[in-house]
2 protein chains.
Amino acid sequence: MSTIKDAAIAAGVSTATVSRVLNNTGPVSESVRERVERAVAEIGYRPNALARSLRTESTGTIGLIVSNILNPFFTELARAAEDVAIAEGFTMILGNADEIAEKEERYIRELLEKRVDGLLLNPAVAKAPHIKEIVDRGVPVVLIDRSVEGVTAPLVRADGTPAIGELVAHMVALGHRKLGIISGPRELRNGLERYEAFIAASSAIGYPVQPQHIAFGDFERESGAAAMRRLMSAGDPPDAVFVANGRMTLGALEALKSLGIRVGQDVGVASYDDDPFFSLLDPALTAIEQPTAELGRLAMSALLGRIRGGGADELEPLHSRLIIRRSCGETE
Amino acid sequence: MSTIKDAAIAAGVSTATVSRVLNNTGPVSESVRERVERAVAEIGYRPNALARSLRTESTGTIGLIVSNILNPFFTELARAAEDVAIAEGFTMILGNADEIAEKEERYIRELLEKRVDGLLLNPAVAKAPHIKEIVDRGVPVVLIDRSVEGVTAPLVRADGTPAIGELVAHMVALGHRKLGIISGPRELRNGLERYEAFIAASSAIGYPVQPQHIAFGDFERESGAAAMRRLMSAGDPPDAVFVANGRMTLGALEALKSLGIRVGQDVGVASYDDDPFFSLLDPALTAIEQPTAELGRLAMSALLGRIRGGGADELEPLHSRLIIRRSCGETE
DNA sequence: CACGTCACTGTAATGCATTACAGTAAAGCA
DNA sequence: TGCTTTACTGTAATGCATTACAGTGACGTG
């Protein structure tokens, strides 16, 4: 692999001149510029980003670490975030923590050693001293969807509370009285928020969720299946269940199918997170949709802003939106 | 951010010794090792991977560029590939080309400048001089699912031909005579292969696909919808349609739904690529499943093998598998 | 004509970690 | 005792690109 020195020799100039031509910094005569460009093309010289970044102390790279790459929420978010990064001249690299704190930690360490300019994090756990540490050290960080104890980095998220309130009203209006929930971990900010919103709304409307209608999962597919199985196999099953994320909804629907319980007729189901397939199911699934792409764009913009030295703006949460379809019963 | 020099001063030793402690290279007395470790922890020193890689000429990083991150096939594959990379002490970074050759090219250039040790590519197009160039220059590359003109890098893929043959037999056995296909681009290796397999099998069994029952898409959701709409709106619609990938199947099903055409009853549908939601549809969708995770593992293993100097082994294709459900009609 | 200015180009220091080479002291051996 | 190992540690070169600083010649101005 050729170096800038090779290019300089091939063009008969100094390395400084080659650098000036390539980065458009400082004046270069037209004839020299052409010679250099020809030489660079000739020998196929590609600057070594390691050396450059070592010198300039910036890599033009953002790391995005998501908790679960199999969750379409994150791939959509990643795609939107990446668009912003590219438009601003940055490269984004994506890491997957698989909801495992150690994997997350490993990625963070690795990306930091590679000197990324900033980090977009969707923390796997709320108690994350490694995240607190890097934020305190001054690494530009923006959190997505989940906060971390003691960390003051900006948080990009969608507030689901109003939509969950509407959902509860919708369920009750359709005659459901025994509301159930398959919640995510209450240790996670988003898990807790959805849980509390559902419980509070059900109480407010006069049909509080009963303890035996509450199940907890870990936001993964399998836990959704197990939770639904538990709920429906008990003596007194709920008649409408709210599942707190898309991955668990997939599992929950699989469980219902294997149990022979019909969605909509035997039990109402609604999901936090929408999915293109929900419309294709029979009945189509009522869901709360997050503004996924906007979250991604907002997160990346906020991070780039911080990197460029902008203030630590507190971010307004976006809003999730209830999409009524037919899985809680017929509306008319 | 502290450097190895800071750590050396804090520990009262030379930078060489710090390096030796951290990398476990060369002998160090127990007392010094402790002192260094304490100092490193104390000042929170993290080695600068840029400097290290510049010196050692290796980054321990693999780039994986997929053509479309919204396709679950690739996220699953990525996850499996990443597992292998981590187990072997490498980091994987994921880029998304969005089926756009320029984006792909940009990513490749960028990753190469960052001096990744190797590249896993799912080329967006078959005519890709930029890929040929880097392979010729000796960059370790393994191709996934699609080959590139004139490039001799190993190719990891699943052969779908036998499964497609079985699918055609299955369709015909259920009484379908007017077989249709929504194919991917024939310019792409995988697109062409699935197309040819379906056409050949239908001819072999005595019910060759008619020209008006052939539509082409670009492996993206929208094109699947458009193609299905075209096929079904013509005067003489097919009575069973094979859709050549999962994303197009999603679009095709949406089109049928909006057209009010019932899957299974009015028209048979089968998909290349399986999806967890297919089992939940009514009727459940017959599909050809690729060994996605294995493809990912195999691709990463092959690449790491090359990087470590292994030969350019020609890789046997894996095999896709037909999963008969009920979307082409009832079997009994 | 003398001097300042400008355009262009080169020299060399710099960023940080690795590592070849060399040096020192202690231990082993004849 | 004298010499070779061995264990440990340090010095300095190295990888590659950027950039502060300096140098050269041409040009403009009073």
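In this text, all values refer to a predicted model and were calculated from it rather than measured experimentally. Letters A, B, ... mirror the listed sequences (proteins, then strands); counts begin at 1.
Each of A/Leu54 and B/Ser29 was matched to the nucleotide of DNA chain D holding its nearest heavy atom; the match closer to the 5' end belongs to B/Ser29. DNA chain D is contacted by both A/Met1 and A/Arg20; A/Met1 maps to the nucleotide lying nearer its 5′ end (nearest heavy atom per residue). Judged by closest nucleotide on DNA chain C, A/Gly26 is the one of B/Arg52 and A/Gly26 placed further toward the 5' end.
Across all strands shown, A/Ser19 has heavy atoms under 4.0 Å from base atoms, whether or not it also approaches the sugar-phosphate. Heavy atoms of A/Pro47 sit under 4.0 angstrom from primed sugar atoms or phosphate atoms, though from no base atom. Residue-level contact check: B/Val18 touches neither bases nor backbone, having no heavy atom under 4.0 Å from any strand.
In summary, B/Glu57 and B/Arg52 do not engage in a salt bridge, as defined by a charged side-chain N under 4.0 Å from a carboxylate O. A salt bridge does not link A/Asp117 with A/Arg308: none of the charged nitrogens is closer than 4.0 Å to a carboxylate oxygen. With respect to A/Arg247 and A/Glu220, no salt bridge is recorded, no charged nitrogen being found less than 4.0 Å from a carboxylate O.
For the pair B/Arg33 and B/Asn24, the minimum side-chain heavy-atom distance is below 4.5 Å.
Formation of a donor-acceptor pair under 3.5 Å by the B/Asn245 side chain with backbone atoms of B/Phe219 is found in this model. Side chain of B/Asp98 to backbone of B/Asn68: no donor-acceptor contact under 3.5 angstrom is found.
On the nucleic acid side, DNA chain D contacts chain B at distances under 4.0 Å to non-hydrogen atoms, with the end points of that region at D/dC8 to D/dC16.
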